[in-house]
Each structure stands twice: as C-alpha cells, then as structure tokens.
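Only one structure is covered here, and it is reproduced in the block below.
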Protein chains: 2
Amino acid sequence: MLSKSEENYLKEIYALSESSKEVVNTSLLANKLATKSPSVTEMLKKLAKKNLLKYEKYKGVKLNTQGKSIALGIIRKHRLWETFLVDKLNFNWDEVHVIAEQLEHIQSDQLTDRLDEFLGFPTMDPHGDPIPNKKGQVIKINKTPLFNMGISEEGVFIGVKSSSDSFLKYLSKNNISIGCKIKIISIEDFDNSLKIEINNLRFNISKDVAQNLYMEVK
Amino acid sequence: MLSKSEENYLKEIYALSESSKEVVNTSLLANKLATKSPSVTEMLKKLAKKNLLKYEKYKGVKLNTQGKSIALGIIRKHRLWETFLVDKLNFNWDEVHVIAEQLEHIQSDQLTDRLDEFLGFPTMDPHGDPIPNKKGQVIKINKTPLFNMGISEEGVFIGVKSSSDSFLKYLSKNNISIGCKIKIISIEDFDNSLKIEINNLRFNISKDVAQNLYMEVK
DNA sequence: TATAAATATTAGGAAAGCCTAAATAATTGT
DNA sequence: ACAATTATTTAGGCTTTCCTAATATTTATA
Ligand SMILES: [Mn+2]
Ligand SMILES: [Mn+2]
Ligand SMILES: [Mn+2]
Ligand SMILES: [Mn+2]
C-alpha cells in the first residue's frame, strides 16, 4: 500500500506527462508538488525501486503500466468525490478541489465503486474533466480552446483548462457554465480579446480566459 | 492542525474515559491503539504540551475541555460517515467502521456540516451510537443491556455495545436489527442463556450476546 | 513491610518525508 | 570547444511516529 505522498507523486507525474511531454523532469515536479528537488529525487528512486516508474538519473521520469494505473485510480477518486460534493452536497465547483485532495486518498475500492454507482456512473467531473472508469479507461473528448476557434464559429463549453479558484469564480460570476453555447462574434486585433455571445447576450473576454475555456465544436 | 495519530489518541482516550473510569492509563491505550507503551507516553507528553489533556507521570491521563471537543468532532465525523455509507451507499453495518476510520480524519467543517444536512441531521449511527451535533452535544439515551432485563420484560433494541464484525454479522444472520422489539421469555440457570421472542419467533441467545445488546425499556 | 510483579517511563534508534548546502552533470552561449 | 549557467543529485540533518531494551515507579503479596 502506498503512502499519501507516494500517491501524490504518481498523480502529478501522470498529469504532467499528459499535458506536456512524455518524460517529466525533477524541478517541474518539485514546483507542482510544492517541495524541493532533493525530495523529488529521493522519492523517484523509491518509486522506481517499487517498479512504478522508470527513472534515469538526470534524464527524467516516466510512469510504467502499474504506476499509470495507480495514478488513474487516484484521479478517478478525486473526480468522483468532486462530483459528489457538487451534485449531492451542493458545493460550488470552485470549492471542491481542496477537499477532494484529501478524499482521493481514502483506500477502499468498494467505496469508490459504490460512490460511482450512487452518482450514476458519471463520465465528467464538475470541471469537465473525464472520470476514469473502474478499469482505468478514460473517454477522450475532442476539446478545443475557445481561443483557437474562428469568428462566427459556435461551440459548447465543455471544460476548463485551469481549475484555479479565481478563474472558476470569474466564470460563475459571468454565468459561463459547462454546457452553454458560446459563439465568437469578433476578435480584437490589439489585445486578442474576444467578443462572444451566450444566450443572445454579448460581452468581451480576454485572451487568457479564451485560452482556458475548452469547447466542443461540431 | 492535528495529525491523524494525535486525533486517534484523543478519540481513544475519550472513548476509554467514557466507558471505564475518568482517568485512562498507558497500557490500556497502547492496547487499544495497537501500539506500545513508550509510544503512548511520548504522545501523551506532546498532547499535554498542546493543552489538550492533563497528564501526570504514572497517574494516567484525562482530556481537558479542548481535547474533549476535538475528540467529539472526530466521533461526529466517524458516525456521520458510517451513516452515509449505510443509508446512501447501501453498505452493511458490519462493513462501515474500517472505512469511517479513514474518513473521520478528513478536515473540512463545511464538508462535515453539509454531509450532516444531506443525511437529515441524524442523531444515531447505524450501530445505535449517538452522533454529536455541530456544537459537540450528544443526546444521552438511557440504554440497558438486554441481559439486565427480567423475564417477560419487553424493550426495543436500540444499539450494540460491541461493534465487532463477527457480532454484527451474527445479528444480521438472525434478523436482529435496530428498532425491533425483543421480549425475554426465560433465562437458563445453567449458562445464563436467554430465550427471547422477536416478531412472535422464539429462539435462544447466549449471555455474551445479551450483554452486548442495548435496549430501551419504557 | 520487604520483596515480587506489574506498569510506566526513559534511552536510544529506525523509517518516512521533508529540508539546506555542497557537489556534479547537462545545457547554453560565444 | 569551453566557460558560464542551470538542473539535478548527493550529503547530512531535522521531525514525526514508531520500536526494543533498560530503568524507575507503583501495586500486590507473602
Ligand atoms: Mn480537482
Ligand atoms: Mn492529493
Ligand atoms: Mn465505528
Ligand atoms: Mn481513526
């Protein structure tokens, strides 16, 4: 059985290898895990010895099959609990991440699976991220940042790139919620800000915001 | 913020001081927490320094107000989660304790209170133990072991003394569940076993069982 | 009440997970 | 190609929570 710390390392390595490259380096990990590089090196050696990842000195790290499977299990729990908190306990989507950071480490497959069932086997968490199923399979959804869409193109808002508190609060404040249709009206040359339309209502958003909104375009 | 270990010590000290005497001794604690006495001594010193309990060398330990309040908070979480697992996720009452041992350490007052609300502010957990409210107040219920009742007396089964797996499974197997009426038909002189009646059905239970069934007698 | 038995504490050490400072390897710029 | 910069690892230490063995205190017993 793995410690909370070991689980967090695996989860973060998985996240980083998904988003950036295949091989993850020490300082990026240290930064994400709010720790220092010597601690990372030490942990990588330990996880390598446990055959959860391949680690080569100075070359970075890559999860192997078992490590990936454990990481997906933790992500599954994290997202199921977030869904529970929002759907059943009426939390806002910007409040659930920190609590799920604790709940994701509860060890009981039976609990996870029953929670899954209780929630109706959801495939997306409150932020639009896919929930791995019991076997660790993830439904891959084709999502484009709003910023990459063209003028007069329309799509459905299906997820956020950043789940930062402030960003989620901004979206709530402007009634931008998952599932709503967004159409690009115009793009400002000067600062790349966009004029968009939601429910016949037009307003402006910054480039930064547009890059963090994931859209589904038909 | 307290560690999981510190929380478990406070919880166990509270439980022992409720069930037996006021002052709890080292070896009993060590036994209950599955640790050794030097570890207990060490922890007691630490918790005393944090002003959560009063510890006198060789004299035992006693929670003070703040320590008791923390202990009650953990017990509250434990029993709320057990209720959640049984009421919402359809676990059996003999399966929930080990999972609640983990969940009781999740730190979020908001989560605890919303869970409480979601469950309809329950006052009893699945084993008939009272759930402290947000303020740490516990409803004290007058409960008598079935063994202390007399022949032809009748009462309602409202809780178990031991929550051991095997005992809970035994009760389930014999359809003895919380809320059911039990009448004592006769008591055997030889081994103190009892003949009881539930739903017009009569059968025998041992002295051991009768001592672990808490009854409410009008 | 002296001695034996029990209970409890102290001493010293291990493992896990973190840290800073120092050393080493890799990368970059000229 | 090589010096300077950056990234990574190693060395050595700290804290928490355990442990065993040794010592001290309390309680029980003769
Ligand atoms: Mn999250
Ligand atoms: Mn985590
Ligand atoms: Mn329990
Ligand atoms: Mn516990």
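Because only heavy atoms are used, hydrogens play no part in the values below, and waters and symmetry mates are left out as well, while side chains stay in. What you are looking at is a predicted structure, and each value in this text was computed from that prediction instead of being measured.
Residue Glu42(A) has its side chain nearest to dC18(C) when only dC18(C), dT9(C), dC18(D) are considered. With dC19(D), dC19(C), dC18(D) as the candidates, the nucleotide lying closest to the side chain of Lys36(A) is dC19(C). Among the nucleotides dT7(C), dC19(D), dC18(C), the one closest to the side chain of Thr35(B) is dC19(D).
The residue among Met43(B) and Pro38(B) whose nearest nucleotide of DNA chain D is located toward the 5' end is Met43(B).
Look at OH on Tyr9(B): it is 12 Å from C1' on dT16(D), rounded to the nearest Å. At whole-Å resolution of the value, CG in Asn8(A) and P in dA16(C) are 17 Å apart. Counting to the nearest Å, the C1' atom of dT17(D) and the CD atom of Glu7(B) are 15 Å from each other. The nearest whole Å value for the distance from the OH atom in Tyr58(A) to the C1' atom in dA7(D) is 9 Å. Per the geometry, NZ belonging to Lys4(B) stands 18 Å off C1' belonging to dT15(D), to the nearest Å. Distance, Lys59(A) NZ to dT9(D) C1': 14 Å, rounded to whole Å. One atom, CG of Leu10(A), and another, P of dG17(C), lie 12 Å apart when rounded to the nearest Å. Leu33(A) has its CG atom 15 Å from the C1' atom of dC19(C), to the nearest Å.
A cation-pi arrangement, defined by a distance under 6.0 Å to the six-membered ring centre and an angle within 45 degrees of its axis, is absent between Lys161(B) and Tyr214(B).
Nucleic acid contact for Ser39(B): base, since at least one base atom lies under 4.0 Å from a heavy atom of the residue. In this structure, Lys45(A) reaches the sugar-phosphate backbone alone: every heavy-atom distance under 4.0 Å involves primed, P, OP1 or OP2 atoms, never a base.
A salt bridge is defined here as a Lys NZ or Arg NE, NH1 or NH2 lying under 4.0 Å from an Asp or Glu carboxylate O, and Glu56(A) with Lys62(A) fails to meet this definition. At a threshold of 4.0 Å, the pair Asp116(B)-Lys134(B) does not count as salt-bridged, since none of the basic side-chain nitrogens sits closer than that to a carboxylate oxygen. A salt bridge links Glu101(B) with Lys11(B); the closest basic N to acidic carboxylate O contact falls under 4.0 Å.
The phosphate of dT8(D) (OP1 or OP2) has no side-chain N or O of Thr41(A) nearer than 4.0 angstrom. The shortest distance between the side-chain N/O atoms of Ser37(B) and the OP1/OP2 oxygens of dT9(C) is not below 4.0 Å. Ser27(A) has a side-chain polar atom (N or O) that falls below the 4.0 Å cut-off from OP1 or OP2 of dT8(D). Under 4.0 angstrom from either OP1 or OP2 of dA16(C) there lies no side-chain N or O belonging to Ser5(A). OP1 or OP2 of dT8(D) sits under 4.0 Å from a side-chain N or O of Asn25(A).
Listed by residue number, the members of residues 46-57 of chain A with any heavy atom below 4.0 angstrom from DNA chain C are Lys46(A).
When every heavy atom of Ser37(B) is checked against every heavy atom of Ala30(B), the shortest pair comes out as N-CB, 3.8 Å.
Using a distance-only test at 3.5 Å, with no hydrogens or angles considered, a donor-acceptor pair links the side chain of Arg114(A) to the main chain of Asn90(B).
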Does the pair Asp113(A) and Arg76(A) meet the rule for a salt bridge (Lys or Arg N to Asp or Glu O under 4.0 Å), with working shown?
CA-CA 10 Å; Asp113(A) 295 338; Arg76(A) 169 172 159 79; 2.9 Å; yes

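For His97(B), the ring-ring contact (aromatic ring centres under 6.0 Å, His included) criterion is met by His78(B), not counting sequence neighbours.
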